[in-house]
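Proteins come first, then strands; the chains are lettered A, B, ... in the order of their sequence lines, and each starts at number 1. Below, all heavy atoms of this structure are taken into account, side chains as well, without hydrogens, waters or symmetry copies.
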Amino acid sequence: MKLLVCNGSPRGRTSNTDILLKPFLEGFEEDSQNTHETVYLNSEDGRKQAITSFVQAELILIGFPLYTDAMPGIVKEFIEALVPVKKELKQFRIMFLIHSGFSEGSHTKYIVRYLDKLSRRLGGTYLGTIRTGGTEGIKVQPAFMTQKLLTQLKIMGRLLAQTGKIDETLINKIVQRERFWKIELFFSEIMSEYMFWNPWLKKNGAFEKRFDKPLI
Amino acid sequence: MKISIFNGNPDCNNQDFDNCLSSLAVILEKEKHELSLLQLREMEYHHCIGCLDCWVKTPGICVFKDDHVKVLRSFLSSDLVIFASPLIVGFSSALLKKAQDRLLPVILPYIDVSTGECRHYLRYGKAPVFGIIYQPEEDTDSEDLSIFTELWTRFSRNAHSKVAFVRPIQHSVQELSREIARM
């Protein structure tokens, strides 16, 4: 099986989306007959290439981070560019991998309905949407914090290779919970402020300006 | 009331859509609202690249010095912002989505958990109320409208705002202006 991976992150090759896709693809390619091609949607040329590849693909994954509670503008641009080639598309199966900076599953929940409908609109078979949260810090987090998620994604890729499906039970395990207790949220708010945002602002010499209102 | 309309119609041949917004603008101005109608397709607008410089390097300022500043100023000075776009493949246009993504400088990186669900704090402390105007596609059904409305409602929650109305361009502009007057 060949999998077409459309990376819809505006950060492209340095994206958290890529970090999440890596173990998934490793799992998928444990079977040496499986291969993949990754296209990046964060440039005009990349989107053009992605359309060409999409037309020939039978198994497709689109991954992206949540931007303003939906798909990033570049992904919407790509989706719109698929319409003129709709008649040329093969019989394809499609899945999505989406993630949000916030930890709760409640944020990624809503766009799933759109992705399901989109798949049907394009005439494809919808396999499901893998979604996860709390990914903004994934690059700087120690391995013990991310290992479980990355392992689950690897199993997900392996199961896709074995069954041709996205495992529903594992989707729910990866989401963990749609909502968190307020005390957990409060803790993660403090953590993100003092362990993540403030050090980053200070490193850039921008800490004093963090509440600036330059437009009024 | 200060009202901004962001026209996300990408197609200059789609006159029905633009005409609806122009006639709404005329009526609202007659009603003494202060109005700005921004044509996104005529603006120079880069996609957000997710660098987060507007949070952690030059707080409140985007790396791209394009027309988004006009949209941000308009957004910040309005009581009501109308996001207007034809539905394209079941959602607002990529043109409008691009402008939506570039609103990032008006929020802070810090997280507000007071509602029991994460959202970012606002950099300027206030947000306008949202209105949505759309044009259905040939195959638009109730499922599409429900998905579309839900996504805008979710965005309004994260933006500390609310969606006051979602109306198709077929809706009477007189009626809409009366609804806005009652807000």
Ring pair (Phe, Tyr, Trp, His ring centres under 6.0 Å) partners of residues 20-46 of chain B, not counting sequence neighbours, each pair once: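 Of all non-adjacent pairs touching residues 20-46 of chain B, those that pass ring pair (Phe, Tyr, Trp, His ring centres under 6.0 Å) are B:His46-B:Phe64.
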
If a pair satisfies ring pair (Phe, Tyr, Trp, His ring centres under 6.0 Å) and one of its residues is in residues 154-175 of chain B, list it, with sequence neighbours excluded. B:Phe130-B:Phe155, B:Trp152-B:Phe155

Between [X] and [Y], is there a donor-acceptor pair closer than 3.5 Å when you use the side chain of the first and the backbone of the second?
{"X": "B:Lys97", "Y": "A:Ala70", "answer": "no"}
{"X": "A:Asn204", "Y": "B:Val56", "answer": "yes"}
{"X": "B:Arg154", "Y": "A:Asp69", "answer": "no"}
{"X": "A:Lys182", "Y": "B:Ser114", "answer": "yes"}

Is the number of heavy atoms from other residues, nucleotides or ligands within 6.0 Å of CE (B:Met183) greater than 12?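 Atom CE in B:Met183 is packed in, count exceeds 12.
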
Quick check on the structure: residues of residues 71-82 of chain A within a heavy-atom distance below 4.5 Å of chain B, by number. A:Met71, A:Pro72, A:Gly73, A:Ile74, A:Lys76, A:Glu77, A:Ile79, A:Glu80

Do A:Tyr114 and B:Glu143 touch side chain to side chain, with heavy atoms closer than 4.5 Å?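 Sidechains of B:Glu143 and A:Tyr114: no contact.
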
Let's test your reading of the structure: which of B:Gly125, B:Ala99, B:Ala159, B:Ser146 forms the most heavy-atom pairs below 4.5 Å with chain A? B:Ser146

Counting heavy-atom pairs under 4.5 Å to chain A, which of B:Lys57, B:Glu117, B:Lys98 comes out on top?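 Option with the greatest count: B:Glu117.
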
Before we go on, tell me: are the rings of B:His120 and A:Phe102 under 6.0 Å apart, centre to centre? yes

Could you check whether B:Asp139 pairs with A:Arg121 (Lys NZ or Arg NE/NH1/NH2 to Asp/Glu carboxylate O, under 4.0 Å)?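 Yes, B:Asp139 and A:Arg121 are salt-bridged.
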
Between the side chains of A:Arg113 and B:Asp144, is the shortest nitrogen-to-carboxylate-oxygen separation below 4.0 Å, so that they form an ion pair?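 A:Arg113 and B:Asp144: not salt-bridged.
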
Which atom pairs, one a donor and one an acceptor, fall under 3.5 Å between side chains of residues 208-216 of chain A and the rest of the protein, sequence neighbours left out?
residue  : atom : partner  : partner atom : Å
A:Arg210 : NH1  : A:Phe207 : O            : 2.9

